[in-house]
Amino acid sequence: MKYLEEFSDPDLAKRLIDQIHAATTRKWALMEVCGGQTHSIIRHGIDQLLPDSVEMIHGPGCPVCVTPLETIDRALAIAARPGVVFCSFGDMLRVPGSSQDLFSVKSAGGDVRVVYSPLDALKIARENPDREVVFFGIGFETTAPANAMTVYQAQRFGVRNFSLLVSHVLVPPAIAAIMESSTCRVQAFLAAGHVCSVMGTAEYPPLARKYKVPIVVTGFEPLDILEGVRRTVVQLEAGRHEVENAYPRAVREEGNVPAMEMLADVFEVTDRTWRGIGAIPRSGWRLSEKYRAFDAEQRFDVTGIHTAESSLCRSGEVLQGLLKPHLCEAFGKECTPRNPLGATMVSSEGACAAYYTHRRLELVDAK
């Protein structure tokens with residue numbers, strides 16, 4: 001296949017679905033790690049085309065969703081300060097903190113700007129040497145290289161009024177934490193293709209062996225996901241637990257070596273708190289000692305901010321795959337995209353937003 005539309009070919013999709021049905025003889029629970037995969041599954045109704053015995057569990061792979069509430073509050077505290085230009089991707093502006101969001105700070109007079117690259121924020125810093133410019137660096141291994149390159153460039157060119165508020169998390173430790181949970185039902189994983197395009201696949205075979213789970217790297221188009229499910233079911237039925245790359249057009253085993261070298265220079269592994277999940281050891285990055293001067297948390301002294309989640313919001317259970325979004329009592333009522341209680345409803349990759357956008361009529365009316 002050469003063109004993107006071919007990855008939505010209905011005839012090929014039907015063949016894959018038939019193969020999945022033919023291969024399935026038992027009940028299996030598969031977790032797609034990435035929020036982009038979740039949206040594709042729900043938008044195209046892939047989960048409804050699979051055998052009833054194959055359950056798709058939505059994982060914690062939405063970068064906005066897993067950004068801790070306390071980190072959002074730190075961002076709000078920095079953005080509200082005079083003389084600060086706070087830059088972020090647009091999907092973070094509506095994520096609720098304890099009492100407001102970045103849009104509220106902007107409407108109250110804060111200089112909050114949407115940018116399309118962290119290098120845009122660096123450019124603003126170079127053009128405004130009398131202002132402190134902060135970029136909100138969130139996400140998984142996918143977005144981290146661009147943030148690392150920006151900090152590298154800031155140091156190289158001596159842009160001292162630029163800093164990075166870091167909230168980067170790593171996929172493999174999250175898989176380990178899910179598997180070690182006493183409530184875990186996951187028997188296999190669809191790994192996120194864009195993460196593996198950066199980091200390769202070398203981190204996954206030890207996880208597959210230790211936890212005896214198949215891990216299949218997939219893309220985000222319907223045929224990508226169906227092929228990933230097919231390979232996963234075949235492994236499960238055969239009692240195998242291996243790593244397979246079903247996304248070879250974008251993923252190599254060795255990953256993107258220059259990007260990984262940049263990450264190793266600028267960041268170091270640290271413990272991270274995941275929203276709705278809690279602390280996972282060695283599951284994130286922070287700026288290394290060499291670049292610590294560009295750490296916004298340290299520069300603005302906001303490390304002491306700690307907050308509590310909404311008692312109504314059950315997004316933590318959604319992120320852990322313990323609850324389908326529509327089974328939350330607040331879904332479609334107190335919690336909607338216009339009035340989100342948690343990041344899983346506000347994020348473009350959140351599972352709650354996917355259910356509300358593509359299935360709200362059948363799910364909300366049925367409650």
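Note that the structure is a prediction, hence the values are computed from the model and not measured.
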salt_bridge([X], [Y]) N-O dist < 4.0 Å:
| X | Y | answer |
| --- | --- | --- |
| Arg81 | Glu132 | no |
| Lys290 | Asp265 | yes |
| Arg359 | Asp47 | yes |
| Asp120 | Arg113 | no |
| Arg185 | Glu55 | yes |

Interatomic spacing from [atom1] in [X] to [atom2] in [Y] - rounded to 0.5 Å:
| X | Y | atom1 | atom2 | result |
| --- | --- | --- | --- | --- |
| Phe294 | Asn147 | CZ | CG | 14.0 Å |
| Leu165 | Arg74 | CG | CZ | 8.0 Å |
| Ser88 | Lys106 | OG | NZ | 11.5 Å |
| Lys123 | Gln153 | NZ | CD | 14.5 Å |

Tell me if a side-chain donor or acceptor on Arg272 pairs with a main-chain N or O of Trp285 at a distance below 3.5 Å.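 Yes; at least one donor-acceptor contact below 3.5 Å.
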Is the side chain of Arg131 donor-acceptor paired with the backbone N or O of Ala125 at a distance under 3.5 Å, no angle test?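 Not confirmed, Arg131 side chain does not pair with Ala125 backbone.
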Tell me every residue that passes side-chain contact (heavy atoms from CB on, under 4.5 Å) with [X], counting only those two or more places apart in sequence or in another chain.
| X | answer |
| --- | --- |
| Pro206 | Arg209 |
| Val198 | Pro145, Ala259, Leu263 |
| Ser98 | Leu69, Asp73, Thr307 |
| Ala208 | Ile215, Val243 |

Set of ring pair (Phe, Tyr, Trp, His ring centres under 6.0 Å) partners for [X], sequence neighbours left out:
| X | result |
| --- | --- |
| Phe189 | none |
| His168 | Phe267 |
| Phe86 | Phe136 |
| Tyr211 | none |

Give me each pair satisfying ring-ring contact (aromatic ring centres under 6.0 Å, His included) with a member in residues 87-110, each pair once, sequence neighbours excluded.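 Every ring-ring contact (aromatic ring centres under 6.0 Å, His included) pair that includes a residue of residues 87-110, provided the two are not neighbours, is Phe89-Phe135.
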How about CZ on Arg282, more than 12 heavy atoms from neighbouring residues, nucleotides or ligands closer than 6.0 Å, or not?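 Counting other residues, nucleotides and ligands, CZ of Arg282 stays at 12 neighbours or fewer.
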When you compare the side chains of Asp101 and Ser104, does any donor N or O come within less than 3.5 Å of an acceptor on the partner?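 Looking only at side-chain atoms, Ser104 and Asp101 do form a donor-acceptor pair, the distance falling under 3.5 Å.
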Distance-only polar pair, side chains of Thr273 and Glu70, donor-acceptor under 3.5 Å: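 No, Glu70 and Thr273 have no side-chain donor paired with an acceptor closer than 3.5 Å.
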Tell me who clusters with Leu341, hydrophobic residues only, linked when side chains sit under 4.5 Å apart either directly or through other members.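 Traced through the cluster, Leu341 reaches Leu312.
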Which ILVMFWY residues can you reach from Phe220 by hopping between side chains whose heavy atoms are under 4.5 Å apart?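 Members other than Phe220 - counting any ILVMFWY side chain reachable under 4.5 Å - are Val217, Tyr247, Val251.
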Atom pairs and distances, side-chain donor-acceptor, residues 12-32, under 3.5 Å, sequence neighbours left out:
| unit_1 | atom_1 | unit_2 | atom_2 | d |
| --- | --- | --- | --- | --- |
| Lys14 | NZ | Asp18 | OD2 | 3.1 |
| His21 | NE2 | Leu49 | O | 3.0 |
| Thr24 | OG1 | Ile20 | O | 2.7 |
| Thr25 | OG1 | Glu237 | OE1 | 2.5 |
| Thr25 | OG1 | Glu237 | OE2 | 3.2 |
| Trp28 | NE1 | Glu237 | OE2 | 2.9 |
| Glu32 | OE2 | Thr38 | OG1 | 2.6 |
| Glu32 | OE2 | His58 | ND1 | 2.6 |

Which heavy-atom pair separates [X] from [Y] by the least distance, and what is that distance?
| X | Y | answer |
| --- | --- | --- |
| Cys65 | Thr344 | SG-CA, 3.6 Å |
| Ala188 | Thr232 | CB-CG2, 3.1 Å |
| Ala148 | Met262 | CB-CG, 3.7 Å |

Between Arg126 and Phe157, is NZ or CZ placed under 6.0 angstrom from the six-membered ring centre and within 45° of the ring axis?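 Verdict for Phe157: a cation-pi partner in Arg126.
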